[in-house]
Structure formats: structure tokens, C-alpha cells
Amino acid sequence: AMLRLRLLTWDVKDTLLRLRQPLGLRYAAEARAHGLRVQPALLSQAFREVYAAQSRRFPNYGQGRGLSSRQWWVDVVKETFRLCGVSEEQVLARMAENLYRDFCSGRCWEELPGAADTLRRCGQRGFRMGVVSNFDRRLESILLQCSLRHHFDFVLTSEGAGVAKPDRRIFEKALGLGGVPPELVAHIGDDYSKDYVAARAVGIHAFLLRPAGQDKEPEVPPEHVLPTLSHLLALIEK
């Protein structure tokens with residue numbers, strides 16, 4: 001039976017958009033612009049450690065902790081370079097500013113295969129659409145610059161919502177914004193626990209984007225798995 005859906009909600013990072021180049025390469029290029037040689041692999045590793053520690057200490061970009069998301073990110077960038085041996089405070093500050101600005105421009109992001117086309121076709125079928133993303137306030141601007149913003153009725157970020165996936169409250173806020181009961185909604189994302197399991201816990205249908213060759217979580221029925229975004233409409237309309 002065809003799913004009766006009125007609203008589709010979308011994750012963004014690694015579902016609709018991905019970084020154009022690995023983060024370590026972008027950080028290394030920024031260092032080079034300041035006359036510093038730092039290995040991309042070291043930067044990637046340092047970033048992962050710093051990002052994880054900062055997320056534990058100040059969850060959801062420092063929400064409710066008197067920390068702006070901008071300051072949260074600037075601290076992450078500086079600490080990443082510090083771990084890689086860069087200690088000059090003014091250089092750290094300049095690199096952090098540049099990278100913060102850079103990552104909210106279209107330059108750093110590219111569409112996943114089928115993204116714009118799938119959104120366009122979903123819109124033509126009359127689905128309303130929104131974004132539910134663990135992201136900071138820069139997401140609006142990224143979607144605008146990547147020419148995707150016009151597909152969505154609303155863009156709900158974890159920073160804006162004050163809670164992050166898999167917390168059910170971010171999905172409940174999305175239902176409120178969409179004005180639609182959960183059984184008429186499907187969420188599309190690439191993260192098993194934050195997108196797939198979390199949406200289903202609220203009674204929302206879910207599709208998991210899982211490119212071929214990725215680890216399979218056994219609990220996901222094949223009719224909920226998208227090898228590519230272009231498979232979505234066929235699965236909905238089955």
C-alpha cells in the first residue's frame with residue numbers, strides 16, 4: 001500500500017549536502033595561507049578529538065551555557081590547530097574566523113547525487129518539506145547558497161530548537177511547524193540512531209540513506225533503506 005504522507009523532513013549533512021573536500025585538507029590549506037605546514041591527517045584526527053570533547057562539555061553548540069555557536073566553533077578550530085603545534089594566538093584567531101566563515105558558504109559544500117532532483121520531484125508531487133538537522137544557525141545560509149532553501153517550508157536546526165536529534169522534542173517541534181500528525185510524515189537521513197530510530201520513536205516513518213558498501217544495521221527493513229536519494233519516490237509510492 002502506498003504510504004499516505006503529507007510532510008517529508010530531511011537531515012542535511014551527508015544526506016543532501018556533504019563537504020566538498022575532507023575537513024583536514026581545508027584546514028591544512030588555511031594553515032598554508034598563513035605560512036604553516038600541518039599534515040591534513042593530523043588535523044583530521046585532532047579535529048575529531050576536539051569536536052567530541054567540546055560536544056560532551058557543551059552539547060548542541062553550547063545552547064543554554066552562555067556560549068554562542070560561533071564562539072563554540074572558533075574554540076574548536078583553535079584547539080584543533082593547538083593540538084597540531086600551532087600556538088601563535090593571532091594566527092589561531094584569524095584561521096578560526098576564516099574557517100568559520102568559509103564553512104557557511106556554498107564553496108565548502110556539494111550536493112549528494114540526486115539531491116536537488118529528488119527534492120524537486122517531491123515538491124512536484126505536492127509533499128510539504130522541512131529540514132530537521134543537528135546544525136548551527138549557519139544552515140539557512142548554506143542552503144540558500146547551495147540553491148536548496150526554496151524547497152523547504154521550514155529549517156529546524158538543533159541550535160534553533162534548543163535540542164538535538166535523537167531527542168524526540170526536535171521531531172515534535174517539526175511536527176508542530178508542519179502542522180501534520182506523525183503518521184503522515186517521513187524523515188530521511190543517514191544516521192541510524194539520530195535519524196532512523198529517533199524519528200520512528202515519535203511515530204514518524206523513516207528512510208535511511210545508506211550507500212552500498214556501508215555497514216548494515218540488521219534492524220532496518222530493506223524497504224526503508226535508500227541506496228541513493230533517487231530511490232525515495234519509488235519506495236514511497238510502492
Glu89 and Arg82: CA distance, side-chain angles, deciding distance, salt bridge (charged side-chain N to carboxylate O under 4.0 Å, His left out) verdict = CA-CA 9 Å; Glu89 212 31 67; Arg82 281 195 199 103; 3.3 Å; yes
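- Side chain of Thr9 to main chain of Val131: no donor-acceptor pair is present (N/O by atom type, distance under 3.5 Å, no hydrogens or angles).
- The stretch residues 131-141 participates, sequence neighbours left out, in these salt bridge (charged side-chain N to carboxylate O under 4.0 Å, His left out) pairs: Asp136-Arg138, Arg137-Glu159, Glu140-Arg149.
- With hydrogens and angles ignored, the 3.5 Å screen pairs a side-chain donor or acceptor of Trp109 with a backbone N or O of Phe103.
- Between Ile142 atom CD1 and Cys104 atom SG the span is 6.5 Å, to the nearest 0.5 Å.
- In this structure, CZ on Phe127 lies 11.5 Å from CZ on Arg6, to the nearest 0.5 angstrom.
- Partners of His224 under the ring pair (Phe, Tyr, Trp, His ring centres under 6.0 Å) rule, at least two apart in sequence or in another chain, are Tyr196.
- Residues Arg57 and Gln54 have side chains that never bring a donor and an acceptor to within less than 3.5 angstrom of each other.
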Under the side chain to side chain contact (heavy atoms under 4.5 Å, CB included) rule, what do Val180 and Leu175 come out as? Steps first, then yes or no, please.
-> CA-CA 6 Å; Val180 178; Leu175 293 173; 5.5 Å; no
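- Taking the six-membered ring for Trp, Trp72 and Tyr61 have ring centres closer than 6.0 Å.
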Side chain to side chain contact (heavy atoms under 4.5 Å, CB included) evaluation trace for Val155 with Leu143 | CA-CA 9 Å; Val155 172; Leu143 289 167; 3.8 Å; yes
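- Side-chain atoms of Thr15 come within 3.5 Å of backbone atoms of Asp190 as a donor-acceptor pair (strictly under, hydrogens ignored).
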I would like to know whether His187 and Lys165 meet side chain to side chain contact (heavy atoms under 4.5 Å, CB included); could you show each step before the answer?
-> CA-CA 12 Å; His187 179 69; Lys165 298 181 294 191; 4.1 Å; yes
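- No donor-acceptor distance shorter than 3.5 angstrom exists from the side chain of Asn60 to the backbone of Gln63, with no hydrogens or angles considered.
- Taking the side chain as every heavy atom from C-beta outward, Asp75 and Gln71 approach each other to under 4.5 Å.
- Residues Glu97 and Lys78 are not paired through a salt bridge, judged by the lack of any N-O separation under 4.0 Å between the basic side chain and the carboxylate.
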